[in-house]
Amino acid sequence: YSTMDASPKPLELTGEQLIPQPLPQVEFVYATGSVEAEGFRLKRLRGEGEITAVDRGPEGASAGVLTWQGAKKDSYATLTFNVTGSGLWDTMAKVYTYPGAPSVIFYLDGKEAGESIDLNAEVEGWKNFPIGAHKLANREHVITIKILTEPAAEKQPTIIMDYLRLKLHD
């Protein structure tokens, strides 16, 4: 070990050295996000069933999922979630489809969000359903899921939702 002064000496500038430029200061804009199961809060449940966020869903789920067990026709669940950033957002729900599943419709902040969605499928699996472009502000919002048809299958939750995706509209 040397007893020499260990402090660094400044480099001499030559014409061959590159000097890093300062990074530009930009404001970060949220362009895409998702509301996972644990990001929803139950505000109201009308009709039958129980809503829970579970740690694991069917294969292909991103992580935890929101399940609605025992829902019947005309039941609805109202959930709240937060949005970071304001603007026109394209919204999409990733929902599990299976034989005997009901048809549903989503409402966003009290307004119908897209067409009714038939979750009945011959083969079980995840499907992304667009629910329209909506003006959302940087605050809490409300999404309502209404069951339109009687579910034929009773062996699993009536509704299984992985997430709600939000993407700034192009």
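- When the side-chain hydrogen bond (donor to acceptor under 3.5 Å, both in side chains) test is applied to Ser86, no partner is found at least two apart in sequence or on another chain.
- Atom OG of Ser34 sits about 8.5 Å away from atom CE of Met92, to the nearest 0.5 Å.
- Counting only heavy atoms from C-beta outward, the side chains of Phe81 and Leu164 approach each other to under 4.5 Å.
- Residues satisfying the side-chain contact (heavy atoms from CB on, under 4.5 Å) criterion with Leu88, sequence neighbours excluded, are Ala133, Lys135, His169.
- With rounding to the nearest 0.5 angstrom, the CG atom of Asn138 is 8.5 Å from the CG atom of Asn82.
- Every residue meeting the side-chain hydrogen bond (donor to acceptor under 3.5 Å, both in side chains) condition with Glu140, not counting sequence neighbours, appears here in chain and number order: Arg41.
- Within the 4.5 Å cutoff, the side chain of Phe106 has no heavy atoms near those of the Glu115 side chain.
- Between Ser75 and Trp68, the closest side-chain pair of non-hydrogen atoms falls below 4.5 Å.
- Taking each heavy atom of Ser116 and Leu148 in turn, the nearest pair found is CB-CD1, 3.4 Å.
- With sequence neighbours left out, the side-chain hydrogen bond (donor to acceptor under 3.5 Å, both in side chains) criterion links Thr91 to no other residue.
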Verdict with supporting geometry, Thr149 and Asp118, side chain to side chain contact (heavy atoms under 4.5 Å, CB included): CA-CA 9 Å; Thr149 60; Asp118 187 1; 5.9 Å; no
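- Counting heavy atoms from C-beta on, the side chains of Thr158 and Pro102 come closer than 4.5 Å.
- Heavy-atom minimum distance, Ile131 versus Ile117: CG2-CD1, 4.0 Å.
- Smallest separation of non-hydrogen atoms from Val95 and Trp126: C-CE3, 3.5 Å.
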Side chain to side chain contact (heavy atoms under 4.5 Å, CB included) between Ile147 and Ile159: does it pass, once the steps are laid out? CA-CA 9 Å; Ile147 308 292; Ile159 304 293; 3.8 Å; yes
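- The shortest distance between side-chain heavy atoms of Leu45 and Ile51 falls below 4.5 Å.
- Two different hydrophobic clusters hold Ile105 and Leu66 under the rule that ILVMFWY side chains link at heavy-atom gaps under 4.5 Å.
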Verdict with supporting geometry, Glu36 and Asp162, side chain to side chain contact (heavy atoms under 4.5 Å, CB included): CA-CA 7 Å; Glu36 304 287 338; Asp162 191 5; 4.1 Å; yes
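- Partners of His134 according to the side-chain hydrogen bond (donor to acceptor under 3.5 Å, both in side chains) rule, which considers only residues two or more places apart in sequence or in another chain, do not exist here.
- Taking all atoms of both residues into account, the shortest heavy-atom contact from Gly87 to Leu168 is CA-CD2, 4.4 Å.
- Under the 4.5 Å side-chain criterion, counting only non-hydrogen atoms from C-beta, Met161 is in contact with Phe40.
- Residues Leu119 and Val104 are in side-chain contact: their nearest non-hydrogen atoms beyond the backbone lie under 4.5 Å apart.
- With rounding to the nearest 0.5 Å, the separation of CD in Gln69 from CD1 in Ile160 is 8.5 Å.
- Residues that satisfy the side-chain contact (heavy atoms from CB on, under 4.5 Å) test with Thr144, not counting sequence neighbours, are Tyr76, Thr78, Tyr107, Val142.
- Counting heavy atoms from C-beta on, the side chains of Leu136 and His141 come closer than 4.5 Å.
- The number of heavy atoms from other shown groups lying within 6.0 Å of CD (Glu150) is above 12.
- The two residues Lys72 and Pro151 come nearest to each other via the heavy atoms CA-CD, 4.2 Å.
- Judged purely by atom type and a 3.5 angstrom limit, Thr97 uses its side chain to pair as donor or acceptor with the backbone of Gly125.
- The nearest pair of heavy atoms linking Pro157 to Tyr98 is O-OH, 3.2 Å.
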